[in-house]
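These numbers were taken from a predicted model, which means no experiment stands behind them. When a ligand or atom number is given, it counts from 1 through the structure's own listing order.
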Amino acid sequence: MKTLDQIVEFHGHICPGLVLGYRVSMLALKELGERAEDEELVAIVENNSCAVDAVQVMTGCTFGKGNLIFRDFGKQVYTFIKRPSGDGLRIAITWESPPETGEEKKMWEKYMRGERSDEVIKAVHDRKSRKIDAILHASDEGLFNIRKGKMDLPEEAEIYPSLRCVACGEKVMEPRARIKNGKIVCIPCQEIL
Ligand SMILES: [Zn+2]
Ligand SMILES: [Zn+2]
């Protein structure tokens with residue numbers, strides 16, 4: 001299992017979103033088994049937040065392999081499905097950060113106005129650390145709404161032949177090629193031609 005340090009190294013910083021993704025992925029691996037070397041596990045993510053980087057590192061469901069599917073719904077929902085069985089796990093984040101104190105709110109407002117004094121930086125940093133801590137120590141039930149069962153598998157990633165765009169001469173995979181005035185073009189050339 002990948003460590004939180006390895007995930008932070010990939011993502012670039014530690015933040016509450018990343019740690020939520022870490023907890024989501026831990027649960028997915030606990031319930032569904034190993035990290036995906038190929039496409040034996042598929043993740044469907046409904047946002048493109050920091051959490052998704054943790055999902056990629058931990059579960060091996062990555063953008064490049066095609067077993068990370070992004071549905072742009074703006075929801076904190078992560079679904080994992082095993083191939084070929086269709087055994088799935090849907091995790092919706094229900095966790096809410098503890099309410100800010102009046103002092104924290106004041107500091108945050110200063111930060112948003114661009115103030116970077118030691119006092120403001122420390123307050124913002126402490127608040128973030130407390131959130132991260134709370135996420136790391138919460139129970140799964142305290143973080144998520146979890147549903148298990150058989151789920152529909154999305155199509156497997158396919159390999160397509162390439163065509164050559166007559167305008168720029170570069171290759172483009174067939175389903176993305178367009179026909180303009182009877183000629184094969186790529187999407188960027190279609191838009192400028
Ligand atoms: Zn982040
Ligand atoms: Zn082109």
### Query
Looking only at heavy atoms, what is the nearest atom pair of Gly60 and Asn67, with distance?
O-ND2, 3.4 Å

### Atom of Leu41, atom of Cys61 and distance for their closest heavy-atom approach
O-SG, 3.4 Å

### Summary
When rounded to the nearest 0.5 Å, the distance separating CZ of Phe80 from CG of Leu89 is 7.5 Å

### Task
Report the protein N/O/S neighbours of the Zn ion (ligand 2) that fall below 2.8 Å; do not count waters.
Cys165 SG, Cys168 SG, Cys186 SG, Cys189 SG

### Query
Does Val124 have any side chain to side chain contact (heavy atoms under 4.5 Å, CB included) partners at least two apart in sequence or in another chain, and if so, which?
Trp108, Tyr111, Val120

#### Entry: Which atom of Pro99 lies closest to which atom of Glu104, heavy atoms considered
O-OE1, 4.3 Å

### Task
Check whether any side-chain N or O of Glu40 sits under 3.5 Å from a backbone N or O of Glu37 as a donor-acceptor pair, and report yes or no.
yes

### Task
With the Zn ion (ligand 1) at the centre, find the angle made by NE2 from His11 and SG from Cys50, to 10°.
100°

